[in-house]
S.K.: 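One structure follows; several queries about it will come next.
Residue numbers start at 1 and run along the sequence shown.
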Amino acid sequence: MDDVYIVGVGMIRFGKYPEKGIKQMTAEVIDVLLKDCPVEKKDIQAAWFSNSFWGIVNGQHSIRGQVALTPLGIQGIPVMNVENACAGATSALHGAYLGIKAGQYDIALAIGVEKMYNPENKQAMFEMFMSNADVEFIRAVIEAFQADERRKAEEAAARGEVKAEGGGGGRSPFMDIYAMAARMHMEKYGTTQRQLAVIAAKNHYHASLNPLAQYQVDMSVEEVLADRLVAYPLTRAMCAPMGDGASAAILCSGRALKRMTGARPVKILASVLTSGTLPEGGEMDLIGKRLSAEAYEKAGVGPEDIDVAEVHDATAFGELLQTEELGFCGEGEGGPFAESGATRLGGKLPINTSGGLECRGHPIGASGIAQIHELVTQLRWEAGRRQVEGVRIALSENGGGFIGTGEAAMCIHILERVDR
């Protein structure tokens with residue numbers, strides 16, 4: 001089985017684009033992508049297309065990839081349409097990786113495009129997220145979470161820690177799940193709201209250095225804490241924004257790479273995908289620990305070898321939790337680990353140098369390959385002011401949806417710099 005490399009990456013700046021549709025964003029990102037590598041459209045042998053909500057928004061189901069790619073001349077090849085909630089884009093990347101690893105293709109495209117911003121119907125925007133969970137189960141659970149959130153927010157307000165207003169509608173229902181998990185972590189390990197604010201402030205700083213981030217405004221810890229409460233302990237600055245975007249990558253085999261001139265490849269050491277479970281007793285299944293163990297084994301590295309990581313931080317608590325699950329710190333130590341400065345540029349292990357989902361943005365079907373875009377840029381030593389010095393091994397963790405109250409899907413990639 002041949003080695004697999006990423007030879008091209010591209011993304012458009014994530015943001016709110018009411019004037020742009022899926023086809024336009026697809027065309028824009030393909031143009032950027034093909035300028036990044038010595039590959040032409042005619043060289044692409046297969047494509048994996050990630051999108052979650054085009055069907056809900058515009059009624060385009062079933063053949064989304066063909067509809068978006070064919071007008072660009074990427075046609076007459078296998079096109080696999082991928083839905084896997086927030087993990088859709090890296091699931092597409094995983095599919096392209098497997099196709100090359102199996103020897104079926106030498107050059108493949110993985111692409112994620114998402115249209116979520118709908119100012120005419122904000123409630124519909126939030127309800128789209130409900131389809132990323134077991135809707136029958138999650139509605140009842142969220143009602144219970146919101147009642148607990150109101151009680152905890154009132155208690156915190158009484159102690160002078162946070163204003164009590166907030167809660168209720170006008171937000172993604174996933175924020176209630178993340179907030180409940182954060183409150184449980186706080187009770188069990190002593191994690192503080194300020195530690196979550198440290199993570200969010202760090203990501204706002206990183207995003208201020210990233211010209212492709214949706215939010216590019218630096219924020220202090222105090223400013224994060226003072227922002228509008230969404231669901232205690234999460235303020236707005238701790239949560240990923242609504243937006244649109246596209247990202248893409250070209251993968252190739254070692255055979256194809258030998259024929260290329262001018263390529264700046266990054267090697268894929270591991271590409272793993274799994275789904276959540278419903279354990280007996282209904283405990284939350286945190287799949288990051290078991291999937292990262294598989295990824296480390298396949299890559300022949302450990303968490304101590306990772307130089308930079310992009311993790312799924314739909315909220316600041318998501319990042320805190322994954323630093324523990326991925327083995328970057330001990331269980332219950334995610335808060336102090338972040339507070340120490342370890343995850344900031346210049347620290348022991350910079351995390352989410354792109355600004356993460358919280359600030360780079362989170363158009364569901366495109367987020368995962370945006371993580372890959374950042375890591376490839378880092379491994380090529382082309383990240384400018386946010387460059388991690390001497391980086392050689394990088395990891396992305398991209399979770400998606402909920403089964404019960406645990407993740408429904410997760411994809412992890414470990415990448416390595418190639419010196420040529």
S.K.: Taking CD in E297 as the centre, count heavy atoms belonging to other residues, nucleotides or ligands within less than 6.0 Å. Is the count above 12?
M.R.: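 For E297, atom CD is not crowded (no more than 12 foreign heavy atoms under 6.0 Å).
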
S.K.: Please check if any side-chain donor atom of N203 sits under 3.5 Å from a side-chain acceptor atom of E319, or the reverse.
M.R.: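 Result is yes, a qualifying pair exists.
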
S.K.: Show the nearest heavy-atom pair for residues V7 and A263, with the distance to one decimal.
M.R.: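 Distance-wise, the nearest heavy atoms are CG1-CB, 4.5 Å.
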
S.K.: To the nearest 0.5 Å, tell me how far E83 CD sits from H61 NE2.
M.R.: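 Spacing of CD (E83) from NE2 (H61) equals 9.0 Å.
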
S.K.: For a 4.5 angstrom cut-off between non-hydrogen side-chain atoms, does M80 reach F49?
M.R.: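 In short, these two side chains do not touch, never coming nearer than 4.5 Å.
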
S.K.: Should I44 and I250 be marked as a side chain to side chain contact (heavy atoms under 4.5 Å, CB included) after you check the CA-CA gap, both sets of side-chain angles, and the distance that decides it?
M.R.: CA-CA 8 Å; I44 299 171; I250 291 285; 4.0 Å; yes

S.K.: To the nearest 0.5 Å, tell me how far C411 SG sits from N398 CG.
M.R.: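 Answer rounded to 0.5 Å: 7.0 Å.
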
S.K.: Would you say R264's side chain and V376's backbone share a donor-acceptor pair under 3.5 angstrom?
M.R.: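 Here the side-chain-to-backbone pair does not exist.
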
S.K.: CD/Q371 to CD1/I412 distance, rounded to the nearest 0.5 angstrom?
M.R.: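 Between Q371 CD and I412 CD1, I get 10.5 Å after rounding to 0.5 Å.
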
S.K.: Can you tell me if E382 has over 12 outside heavy atoms packed within less than 6.0 Å of its CD?
M.R.: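 Yes, CD of E382 has more than 12 neighbouring heavy atoms, counting only those of other groups under 6.0 Å.
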
S.K.: For E310 and S354, test the side chains for any donor-to-acceptor distance below 3.5 angstrom and give the result as yes or no.
M.R.: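 Yes, a side-chain donor-acceptor pair sits under 3.5 Å.
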
S.K.: In Å and rounded to the nearest 0.5 Å, what is the CZ to CG distance from R64 to N81?
M.R.: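 One finds 7.5 Å between CZ of R64 and CG of N81.
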
S.K.: Is a side-chain N or O of D2 found less than 3.5 angstrom from the main chain of G103, in a donor-acceptor match?
M.R.: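 A pair under 3.5 Å: no.
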
S.K.: Regarding R344 and the six-membered ring of Y205, is the cationic atom NZ or CZ under 6.0 Å from the ring centre and inside 45° of its axis?
M.R.: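 Satisfied, under 6.0 Å and within 45°.
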
S.K.: Check whether the side chains of E397 and S292 place a donor and an acceptor atom closer than 3.5 Å, and report yes or no.
M.R.: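 No - no donor-acceptor pair under 3.5 Å links their side chains.
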
S.K.: Please round to the nearest 0.5 Å and tell me the distance separating atom CG of D31 and atom OG1 of T26.
M.R.: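 D31 CG to T26 OG1: 12.5 Å, rounded to 0.5 Å.
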
S.K.: Where the side chain of S340 meets the backbone of F337, is there a donor-acceptor pair that is under 3.5 Å apart?
M.R.: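 Judged by distance alone, yes, a pair lies under 3.5 Å.
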
S.K.: Do D227 and T235 meet the criterion of a side-chain donor-acceptor pair at a distance under 3.5 Å?
M.R.: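 Absent: no donor and acceptor within the cut-off.
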
S.K.: What's the spacing between I12 CD1 and L33 CG if we round to 0.5 Å?
M.R.: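 The distance works out to 12.5 Å.
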
S.K.: Which word best sums up how the rings of H185 and Y189 line up, parallel for under 30°, tilted for 30 to 60°, or perpendicular for over 60°?
M.R.: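 Taking Y189 first and then H185, their aromatic rings sit tilted (interplane angle of 30° to 60°).
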
S.K.: Is it true that a side-chain atom of K267 and a backbone atom of V4 form a donor plus acceptor pair closer than 3.5 Å?
M.R.: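 Here the side-chain-to-backbone pair does not exist.
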
S.K.: Report yes if some heavy atom in the side chain of K348 is under 4.5 Å from a heavy atom in the side chain of F328; otherwise report no.
M.R.: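 Not touching, per the 4.5 Å side-chain cut-off.
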
S.K.: For the residue pair H373 and S247, confirm or rule out a side-chain donor-acceptor distance under 3.5 Å.
M.R.: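 S247 and H373 do not have a side-chain donor-acceptor pair below 3.5 Å.
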
S.K.: Would you say that Q104 contacts Q45 through its side chain, given a criterion of any heavy-atom pair below 4.5 Å between the two side chains?
M.R.: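 Q104 does not reach Q45 side chain to side chain.
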
S.K.: With a 3.5 Å distance limit and no angle check, can you tell me whether E416 reaches the backbone of I393 through a side-chain donor-acceptor pair?
M.R.: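 No; zero donor-acceptor contacts below 3.5 Å.
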
S.K.: If we count only N and O atoms by modelled type, under 3.5 Å, do the side chains of E114 and N51 hold a donor and an acceptor together?
M.R.: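 Present: a donor and an acceptor within the cut-off.
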
S.K.: Mark yes when over 12 heavy atoms from residues, nucleotides or ligands other than K23 sit less than 6.0 Å from its NZ; otherwise mark no.
M.R.: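 Check fails, neighbour count at 12 or below.
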
S.K.: Whether the side chain of E28 engages the backbone of M25 through a donor-acceptor N/O pair (distance < 3.5 Å, no angle test) should be reported.
M.R.: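 Here the side-chain-to-backbone pair does not exist.
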
S.K.: Taking atom types as modelled and ignoring hydrogens, do the side chains of H206 and T353 form a donor-acceptor contact shorter than 3.5 angstrom?
M.R.: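 No - no donor-acceptor pair under 3.5 Å links their side chains.
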
S.K.: Mind checking whether V272 and Y97 have side chains closer than 4.5 Å, heavy atoms only?
M.R.: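 A side-chain contact is absent here, since even the closest heavy-atom pair is not under 4.5 Å.
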
S.K.: For a quick check under 3.5 Å, do H204 and D218 share a side-chain donor-acceptor pair by atom type?
M.R.: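 Side-chain D/A pair, H204 to D218: absent.
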
S.K.: Does Q195 use its side chain to pair, donor to acceptor, with the backbone of T192 at less than 3.5 Å?
M.R.: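 Indeed, once roles are kept as given, a pair shorter than 3.5 Å links the two residues.
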
S.K.: Tell me if a side-chain donor or acceptor on D3 pairs with a main-chain N or O of G254 at a distance below 3.5 Å.
M.R.: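 Judged by distance alone, no pair lies under 3.5 Å.
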
S.K.: Is any side-chain heavy atom of V418 less than 4.5 Å from a side-chain heavy atom of Y5?
M.R.: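 A side-chain contact under 4.5 Å exists here.
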
